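See below for the structure under consideration.
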Amino acid sequence: MHYFDYNATTPLHPAAKEAWLKATERHWHNPSSLYREAGFAAQQLDAARERLADILGCDAGRILFTSGATEANNALISQGTREDFMLASSIEHPSVFMTARELKTDVPQIPVDEHGVVRLSALVKSLRVAPGLVSIMAANNESGSLQPWPEIAKMCKAAGIRYHTDASQWIGKLPVDGLADCDYITGSAHKFGGPKGVGFLVLSCEDEKLSWLKGGPQEAGRRAGTENYPGIEAMVTALEHCSVGDAAGRDQFEQLMLASFPGLRVIGQGGPRLWNTSLLVMPEHSNLKWLTRLTRRGFAISTGSACSSGKEGSSVVMQALGAQDAELRRVVRLSSGWDTTLEDWQALAAAFVEVGAELAS
Ligand code: PMP
């Protein structure tokens, strides 16, 4: 299968698999128990936290391991901020905006420009009303649009407002230098070659109080429950093996598509984007028609974000850009990985052309 849905999830990196197996075989003991083997498991867990802290450039005590990005976002918004008023962008993942809408009385949305990048001028104005927290993602999961988090971090710091970035789609794909200047960071292992069900939330400081899961002293009392050490070990190993990919295949694919399908829209093309992502509005036919025919030809693609796929018209980004229903039903998302080749992208473009001819006949 030609896999073009890396933003939904990635296959397990071989090094992460090896690390998981080793951790499970050697250090399966409960890190909270008191015998020697349990102590080794606890030490390995500490070491994995330190390695992740090194990569991110933060203190290890700021890291809270979670079951993934959804949990990290929920934990922060429901437990980490007591204030009732927070700001979020109009393109946040549902795990941010749904939690915020449910728990906060006021959650104004910062709009994005035509490239899907948050409007800093709008943010500046909104910061004047002193929200308790600002949550703006680092890279968008649907369009791949990169958000100006370094500038936002500075603006928030100057205004004395805490800034959270959901960096699930950034971490593992682009360098993380400076990311730790954000007060809070969300990351998820299965977006960068790690296993599913493990991720993290970086907190603003080592002694930040947060009581997310109650019932035990794990994770400095912030999240009770036996730690998933093998998953954490595999996550950190996967991240150590990540590199920045090349946009050449994606760019050539988009050129081929634009030449083959007059009226095609490439979302975010003129702005900064992840090297692996292409969000298209096809000129004709519903996205499910494209998807089913491409699946038959061995290509795995998406109709938007994985959290809303299966529904034809549910792209958060397209809604933020003001798309009409008819357009929403024609959105397809292609997202590649570190081992995707130029030939894979060319084969995908050729398959789209074939399907286009089939749908027209
Ligand atoms: N945030 C973003 C930006 C995402 O892309 C995703 C995955 N779709 C999530 C959060 C949720 O991640 P997880 O599967 O780790 O809960």
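Counting starts at 1 for both ligands and their atoms, following the listed order. Since we're looking at a predicted model, the values are computed, not measured. Basis for what follows: all heavy atoms, side chains included, without hydrogens, waters or symmetry-related copies.
For Arg223 and Glu71, the salt-bridge test passes: some basic side-chain N is under 4.0 Å from an acidic carboxylate O. Ion pairing between Glu327 and Arg265 holds under the 4.0 Å rule for side-chain N and carboxylate O. Ion pairing between a basic and an acidic side chain is recognised when a charged N comes within 4.0 Å of a carboxylate O; Arg297 and Glu358 show such pairing.
Not close to ligand 1: Glu92, with no non-hydrogen atom less than 4.0 angstrom away.
Aromatic pair Trp338/Tyr3: ring centres not closer than 6.0 Å. Two rings, from Phe4 and Trp345, have their centers less than 6.0 Å apart.
Numbered from 1 in the order shown, with element, the atoms of ligand 1 that lie under 4.0 Å from a heavy atom of Ser188 read 13 (P), 15 (O). Close contacts between ligand 1 and Asn141 involve ligand atoms 3 (C), 5 (O) [criterion: under 4.0 Å to a heavy atom]. Each of the atoms 4 (C), 5 (O) of ligand 1 lies under 4.0 Å from some heavy atom of Gln169. Heavy-atom contacts of Gly68 reach the following atoms of ligand 1: 15 (O) (cutoff under 4.0 Å).
Across the listed options Val96, Val198, Thr70, Asp166, Asp166 owns the non-hydrogen atom lying nearest to atom 1 (N) of ligand 1.
Considering backbone and side-chain N/O of Glu71, none are found under 3.5 Å from N/O of ligand 1. The shortest N/O to N/O separation between Lys191 and ligand 1 falls below 3.5 Å. The distance criterion of under 3.5 Å between nitrogen or oxygen atoms is met by His190 with respect to ligand 1. Among the atoms of Met137, none of the N or O lies under 3.5 angstrom from an N or O of ligand 1.
Residues forming a side chain to side chain contact (heavy atoms under 4.5 Å, CB included) with Gln252 (at least two apart in sequence, or on another chain): Leu256, Leu342, Gln346. Residues passing the ring pair (Phe, Tyr, Trp, His ring centres under 6.0 Å) test with His13, sequence neighbours excluded: His241.
Put simply, the side chain of Glu92 gets close to the backbone of Met137: a donor and an acceptor are under 3.5 Å apart.
Residue-level proximity to ligand 1 for Ser168 is carried by the side chain, the only part with a heavy atom below 4.0 angstrom.
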